[in-house]
A.B. asks: 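One structure coming up, written as structure tokens, with questions to follow.
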2 protein chains.
Amino acid sequence: MARDTEKRRAELRERLIDIAEAQIQEHGSASLRARALAEEAGCAVGAIYNVFTDMPGLQLAVNGRTFARLGARVTDAVAERADAPPVERLILMAKGYLAFAVENPKLWRALFEVEMTSDSEVPEWYMRDLSQLFAIIAGPLSELDPNATEDEIELRTRALFSSVHGIVLLGLERRISGVPIPRMESMIDYLLRSFASGN
Amino acid sequence: MARDTEKRRAELRERLIDIAEAQIQEHGSASLRARALAEEAGCAVGAIYNVFTDMPGLQLAVNGRTFARLGARVTDAVAERADAPPVERLILMAKGYLAFAVENPKLWRALFEVEMTSDSEVPEWYMRDLSQLFAIIAGPLSELDPNATEDEIELRTRALFSSVHGIVLLGLERRISGVPIPRMESMIDYLLRSFASGN
DNA sequence: TCAATTCTTGAACGCCGTTCAATCAATAGC
DNA sequence: GCTATTGATTGAACGGCGTTCAAGAATTGA
């Protein structure tokens, strides 16, 4: 019965992702342990390698979920105010991004802590979700400057996303700075309003 | 003779930092191995722990050097053009930052990959060098808007630094994007000129 | 029911950072 | 010069990690 095994595997897969997600959420991605995972999932250590290529592969699966939730959060942030001016929509999205990172600090950090030595290719969903996120940002930017070329919009999108990401990243880095959240929101306001008025 | 041991220790310390630095430069901070280090330095593994608290401690020592070189690079970038308009000086500094990261990608990345589980405090030089870097950025920003409060300048400094950092960080992340360097320079131009014209 | 096949298991492997009893070297007292 | 004492150095050993794979269990088709 290939059906049966396939189903059991799929269930184990989901269960492992659930457990790993909870673990990362609580103690960070560096705290993931194959043995602990197996014990909590009630399976053998080797079983993990039946459904994932390796531990980074499991991490990537968790990141897939996180990425989807992050994308939804950014989208939702503007959904009810689709009629707002472009700048305001950009600010709403950026603050949605910030809010998600603040509410899920460890899961959010885990997105950028995947083992890069893993020779596995970047999953297709990664690139897909990222360009989708970029597309959402590009909209308001095009409205702000309808004469800009597509190439120029792509550049600005990337610059803007990277900037907001940098503000959130360093702001959450308690060890360096420990910036209060309202201050980070002020930075985002300042950044995006400058962006808008500069063109 | 306490003098003698002290000197030998200091020499071993420097030698270990040299070797670790070369190793990180070539293969990244994740490739540091206590045993390999000891072999190359011609000492016992245990000797490493006579001059450093642990391996993250050695990493931190390498980062100290890197940070100093980075700071010098940013300072040098504007040194010969101290009379240029504030915006241009900001752009020069940001491009100095970018250039350092491009020329020393692995060492630059290592600055942000220190083990945070290490219960040791953030070294004083870290905070000192960082606020020094911030002070250099704050200068042109104050010139741009002499009426801004100190608090406001601090906010803008942090926002600007974080933004440039974000652009460099994501730009160098080959696995996500792989942005050509001239494009990253365009982003920095765009970002900083917007900043300037927005106030 | 039984052989064939497929899937699962967990002890074992190799590698890691770190420790600490044993060893070695250097000083001081006689 | 010799030896007791002190302090520094060493590297085998420890515990823990991700990963593997021979052996066993389970499922299949005849």
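Numbers restart at 1 for each chain; the letters A, B, ... are given by sequence-line order, proteins then strands. Everything quoted here is computed from the prediction, not taken from an experiment.
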A.B. asks: What is the distance from OH of B:Tyr49 to C1' of C:dT18, rounded to the nearest Å?
C.D. replies: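 In whole Å, C:dT18 C1' and B:Tyr49 OH are 5 Å from each other.
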A.B. asks: To the nearest Å, give me how far apart CG (A:Leu37) and C1' (D:dG18) are.
C.D. replies: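 Those two atoms, CG and C1', are 12 Å apart.
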A.B. asks: Any side-chain to backbone donor/acceptor pair from A:Arg89 onto A:Ala84? Under 3.5 Å, distance only.
C.D. replies: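 Confirmed, A:Arg89 side chain pairs with A:Ala84 backbone.
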A.B. asks: Look at the aromatic rings of B:Phe161 and B:His165 and report parallel, tilted or perpendicular, splitting at 30° and 60°.
C.D. replies: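 Geometry flag for B:His165 against B:Phe161: parallel rings.
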A.B. asks: Reckon B:Leu58 touches a base, only the sugar-phosphate, or nothing at all at heavy-atom distances under 4.0 Å?
C.D. replies: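 Touches nothing.
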A.B. asks: If you look at every strand shown and take non-hydrogen atoms under 4.0 Å, does A:Leu32 touch a base, only sugar-phosphate, or nothing?
C.D. replies: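 Result for A:Leu32 = sugar-phosphate.
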A.B. asks: Any salt bridge linking B:Arg156 with B:Glu152? Criterion: basic side-chain nitrogen under 4.0 Å from a carboxylate oxygen.
C.D. replies: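 Salt bridge flag = yes for B:Glu152 with B:Arg156.
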A.B. asks: Taking only the side-chain nitrogens and oxygens of B:Arg8, find out if one of them lies under 4.0 Å from OP1 or OP2 of D:dT9.
C.D. replies: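 B:Arg8 to D:dT9 OP1/OP2: side-chain N or O found under 4.0 Å.
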A.B. asks: Rounded to the Å, how far apart are B:Glu39 CD and D:dT10 C1'?
C.D. replies: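 Distance, rounded to whole Å: 15 Å.
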A.B. asks: Measure NZ/A:Lys7 against P/D:dT27 and give the value in whole Å, please.
C.D. replies: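 Nearest whole value for this atom pair: 15 Å.
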A.B. asks: Look at the side-chain N and O atoms of A:Arg35 and state whether any lies under 4.0 Å from the OP1 or OP2 oxygen of D:dT19.
C.D. replies: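 Looking at the OP1 and OP2 atoms of D:dT19, neither is under 4.0 Å from any side-chain N or O of A:Arg35.
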A.B. asks: From the set D:dG11, C:dT18, D:dT19, return the single nucleotide nearest to any side-chain atom of B:Ala44.
C.D. replies: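 Side chain of B:Ala44 sits closest to D:dG11.
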A.B. asks: Could you state the atom-to-atom distance from CG of A:Asn50 to P of C:dT9 in whole Å?
C.D. replies: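 These atoms are roughly 8 Å apart.
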A.B. asks: Rounded to the nearest Å, what distance is computed from the CZ atom of residue B:Phe52 to the P atom of nucleotide C:dT18?
C.D. replies: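 These atoms are roughly 13 Å apart.
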A.B. asks: Starting from P on D:dG16, measure out to CE on B:Met55 and report it in whole angstrom.
C.D. replies: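 Taking atom P of D:dG16 as the reference, CE of B:Met55 is at 20 Å.
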A.B. asks: Rounding to a whole Å, what distance do you find between A:Ile48:CD1 and D:dC21:P?
C.D. replies: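 Going from CD1 in A:Ile48 over to P in D:dC21 covers 17 Å.
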A.B. asks: Would you say the rings of A:Phe195 and B:Tyr190 are close, in the sense that their centroids are separated by under 6.0 Å?
C.D. replies: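 Judged by ring-centre distance (under 6.0 Å), B:Tyr190 and A:Phe195 do meet the cut-off.
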